[in-house]
Amino acid sequence: MLAKVSQVGTSVGVIIPRYIATEGGFTKGSYVNIEFSNNQIIISKPKTVREGWAAAFAQYAKEGEDATLLPDYLDSEAVELM
């Protein structure tokens with residue numbers, strides 16, 4: 001698809017067609033990552049801080065690495081101190 005680069009203040013911008021924005025989940029005010037590599041501009045959604053955590057924790061549980069490190073009675077002692 002051919003698009004025209006427009007002047008936006010001291011920068012330049014490109015209009016993303018609605019169907020591409022909708023398909024990609026981009027909405028007004030959302031943030032994007034912009035990279036330039038191999039003569040291409042790549043626009044992508046930013047990764048979330050906890051992206052991949054659910055899969056990692058599931059793998060830890062599968063490997064038995066999710067054992068409690070502190071005994072449960074410490075929680076009851078903490079409640080008594082409050």
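We count residues from 1, following the sequence as given.
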Enquirer: Between the side chain of E51 and the main-chain N/O of W53, is any donor-acceptor distance below 3.5 Å?
Expert: no
Enquirer: Quickly, which of I16, I20, V32 forms a side-chain contact (heavy atoms from CB on, under 4.5 Å) with F26? Name it, please.
Expert: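 So, applying the side-chain contact (heavy atoms from CB on, under 4.5 Å) to F26 and each of I16, I20, V32, only V32 qualifies.
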Enquirer: For the CD atom on Q7, are there more than 12 heavy atoms of other groups (residues, nucleotides or ligands in this structure) within a distance under 6.0 Å?
Expert: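 Yes - once you tally the heavy atoms of other residues, nucleotides and ligands closer than 6.0 Å, there are more than 12.
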Enquirer: Looking only at heavy atoms, which two atoms of M1 and P17 are closest? And how far apart?
Expert: CE-CG, 3.0 Å
Enquirer: Does some side-chain heavy atom of I34 sit less than 4.5 Å from a side-chain heavy atom of I42?
Expert: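 SC-SC contact between I42 and I34 ruled out.
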Enquirer: Give me the atom names and distance for the closest heavy-atom approach of A3 to V14.
Expert: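 So the minimum-distance heavy-atom pair works out to CB-CG1, 3.8 Å.
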Enquirer: Nearest 0.5 Å, please: how far is OG in S30 from NZ in K28?
Expert: 11.5 Å
Enquirer: Is the number of heavy atoms from other residues, nucleotides or ligands under 6.0 Å of F36 CZ greater than 12?
Expert: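 Atom CZ in F36 is crowded, with more than 12 foreign heavy atoms closer than 6.0 Å.
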Enquirer: Using atom types as modelled and distance alone, determine if a side-chain donor or acceptor of K45 lies under 3.5 Å from a backbone N or O of G24.
Expert: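 Yes, because the side chain of K45 sits within donor-acceptor range (under 3.5 Å) of the backbone of G24.
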